[in-house]
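First comes the structure, then the notes that go with it.
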Amino acid sequence: MTTVEISSTQLSQHTGSAVRIHGHIQSLRDMGNLAFVVIRDMSGAVQLVADEAEVLSVVRLATCETPVSAEGVVVAKPNGQGFEIHLKELTLLSTPAPSLPVEIGKQSKVDGLALSTMLDYRPLTLRSPKVRAIFKIEAVFCEAFREFLRERQFTEIHSPKIVATGTEGGAQLFKLNYFGREAFLAQSPQFYKQIMVGALERVFEVAPVYRAEEHDTTRHLNEYISMDVEMGFIESERDLTDLLNKLVRHMFEKVSQSCPEELSLFGAKVPEVAVIPAVTLSEAVDIINSYQKKGSAEKTDLDPEGEKIICEHFLKTENTDLVFITGYPLSVRPFYAMPLPAEGEMSSRSFDLLFRGLEITTGGQRIHRHEELVAAIKGRGLDPEAFKDYLQCFQYGMPPHGGFAIGLERIAKQLLGLPSVKLAALFPRDINRMTP
RNA sequence: GGCGCUGUAACUCAACUGGCAGAGUGCCGCGUUGUCUGCGCGGAAGUUGGGGGUUCAACUCCCCUCAGCGUCGCCA
């Protein structure tokens, strides 16, 4: 009989055959003259059954997480629920692992871990089925994001992360020493993606961005993955919200199709995305005030509590997990935001997308006329000379354009109902943590 | 960074009004042929975050310090 190399998901196709499989030992149950070994591989897990003295002696040397190669015959489980491998030979591929600080094989134990323990032992906790599922889902989000945009003739770009100036001045920048000169880690690919609209018309980028903000919350990271989009020749920000609407629909559909098991580990329900409703900021504030006894919410921005109330309202009234907030005042947006003169006060052609109570996207149309942009920069008390290189593309003609950015860890956190965005980053960087 | 809370075994947590530092899981040993939270018996495991103080006596009260969690500002 020839031995075939398989992975755990292919068991049913090899009933009665001799197979070889490799993975890490996830659990060991030694019953004396019978032992059960569950191994976890890239695709799932499988139970090995050992009942021969020679194999049992090897099993007794093994410990949880030891990588092994196993050979045996695929058989149906006696209870009829799935398949297992009747073990003929087990090879330990490394020194047996010492006892584990956290029990990653048991879901209840992993769920009960303190966030700091989860992160301190990250190389280990990332192996647990539920933790790694987060990152499989994020990979599918990225895949779907790329797929959708490529189909619409967007080109993927890679902008520099070492930059000479900040974009908006709002978020704090990490300073670094660049051969004796001052440089910064990019807080956003904003300027570069706009410049690339001049060259490629439609671009996107999936890359880390850096924010040196000194807050430690469940929705902030100092390094996170920004899924950026920018497109030219738009008529208004409506073109962007339409695109974003279809994009998130595609991303959710793809995750729903590709990751049913990963989603079920979290009991997560993927939202059905129809036409995402939109409200202006001032309408949103009125709605929030109608729920709160104090009528004091300001009409400049929403606080986290307000974001929650708005989302609850729209879930109740329109059965949607997603809602656009539009018409932010120019004053709370970066200088390049396109103004929208409305009701006496200057509003902007920008929007946020909220998902189950959290902002996952910000975007908008940008100013594309050179003279207007220079005036906007001066209006913020900034020096146009500092933005000389960025302004070049406007000097030589830029079409009406705009874009948005989706926070990968945030959309994953909200989808899976994670208590902190830090759990959605492989190795999160926050104000207190730089390792592992 | 402000405010609040918490630090006890590898992990998750108990310990009354200040009175012998414990449990479950994991780990080690022995037994167990259908486990999947294996089961049974036995065992090891602690500078109670650190430092100082009050007291006959401190995990417990006070001060300092370090760390973690929550929350707010800001943002994706």
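Labels below follow one simple rule: chain letters A, B, ... track the order of the sequence lines, proteins then strands, and each chain is numbered from 1. Bear in mind the structure is a predicted one, so any value in this text is a computation, not a measurement.
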What distance, rounded to whole Å, do you find between the two [atom1] atoms, one in [N] and one in [M]?
N	M	atom1	result
B/U48	B/C41	P	31 Å
B/C72	B/C36	P	44 Å
B/G26	B/U37	C1'	13 Å
B/C5	B/A9	C1'	24 Å
B/A67	B/C61	C1'	22 Å
B/G22	B/C16	P	13 Å
B/G70	B/G53	C1'	31 Å
B/A76	B/G2	P	26 Å

For the side chain of [X], counting heavy atoms from C-beta on, which of [options] is nearest?
X	options	value
A/Arg29	B/U35, B/C69, B/C11	B/U35
A/Thr218	B/G70, B/C36, B/G34	B/G70
A/Thr117	B/A10, B/G38, B/U12	B/U12
A/Pro78	B/C11, B/A76, B/G34	B/G34
A/Val49	B/G34, B/C36, B/A76	B/G34
A/Arg219	B/C69, B/G34, B/C72	B/C72

Heavy atoms only, 4.0 Å cut-off, all strands: where does [X] land among base, sugar-phosphate and nothing?
X	answer
A/Glu84	base
A/Ser226	nothing
A/Ala35	nothing
A/Gln47	base
A/Asp352	nothing

Sub-3.5 Å pairs of nitrogen or oxygen atoms, protein against nucleotides 24-27 of chain B:
residue : atom : partner  : partner atom : Å
B/U25   : O3'  : A/Lys106 : NZ           : 3.2
B/U25   : O2'  : A/Glu103 : OE1          : 2.5
B/U25   : O2'  : A/Glu103 : OE2          : 3.0
B/U25   : O2'  : A/Lys109 : NZ           : 3.2
B/U25   : O2   : A/Glu103 : OE2          : 3.4
B/G26   : OP1  : A/Lys106 : NZ           : 3.1
B/G26   : O4'  : A/Glu103 : OE2          : 3.0

For [X] and [N], what is the distance between atoms [atom1] and [atom2] respectively, to the nearest whole Å?
X	N	atom1	atom2	answer
A/Met31	B/C30	CE	P	17 Å
A/Asp30	B/G34	CG	P	13 Å
A/His220	B/C72	NE2	P	10 Å
A/Asp430	B/C74	CG	C1'	16 Å
A/Gln26	B/G38	CD	P	11 Å
A/Arg60	B/U32	CZ	C1'	10 Å

Salt-bridge present (A/Lys106, A/Asp111; N to O < 4.0 Å):
no

To the nearest 0.5 angstrom, please state how far the [atom1] atom of [X] sits from the [atom2] atom of [Y].
X	Y	atom1	atom2	result
A/Ile137	A/Ile411	CD1	CD1	11.5 Å
A/Ile406	A/Glu359	CD1	CD	12.5 Å
A/Phe404	A/Asp352	CZ	CG	13.0 Å

By side-chain contact (heavy atoms from CB on, under 4.5 Å) - contacts of A/Ser348 (at least two apart)
A/Tyr328, A/Leu330, A/Arg333, A/Ala337, A/Ser350

Please tell me whether A/Phe355 and A/Phe252 form a close aromatic pair, meaning their ring centres lie under 6.0 Å apart.
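Yes, ring centres under 6.0 Å apart.
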
Run the salt bridge (Lys or Arg N to Asp or Glu O under 4.0 Å) test against [X] and tell me which residues pass, sequence neighbours left out.
X	result
A/Glu71	A/Arg20
A/Lys413	none
A/Glu54	none

Report yes if the side chains of A/Val38 and A/Leu48 come closer than 4.5 Å at any heavy-atom pair, otherwise no.
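Answer no - side chains too far apart.
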
For the residue pair A/Thr326 / A/Thr280, report whether a side-chain donor-acceptor contact shorter than 3.5 Å exists.
no

Kindly check if the number of other-residue, nucleotide or ligand heavy atoms within 6.0 Å of CD (A/Glu272) is above 12?
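For A/Glu272, atom CD is not crowded (no more than 12 foreign heavy atoms under 6.0 Å).
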
Per-residue pairing states of RNA chain B in dot-bracket (Watson-Crick or G-U under 3.5 Å; . unpaired, | other strand) read (((((((..((((.....[..)))).((((((.....)))))).....(((((..]....))))))))))))....

Could you pick out which residue, A/His86 or A/Ser27, lies toward the 5' side of RNA chain B when each is mapped onto its nearest nucleotide?
A/His86

Nearest-nucleotide comparison on RNA chain B, the residue closer to the 5′ end among A/Phe36 and A/Leu221:
A/Phe36

Under 4.0 Å from OP1 or OP2 of B/A76: is there any side-chain N or O of A/Thr361 that close?
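Checking A/Thr361 against B/A76: no side-chain N or O falls below 4.0 Å of OP1 or OP2.
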
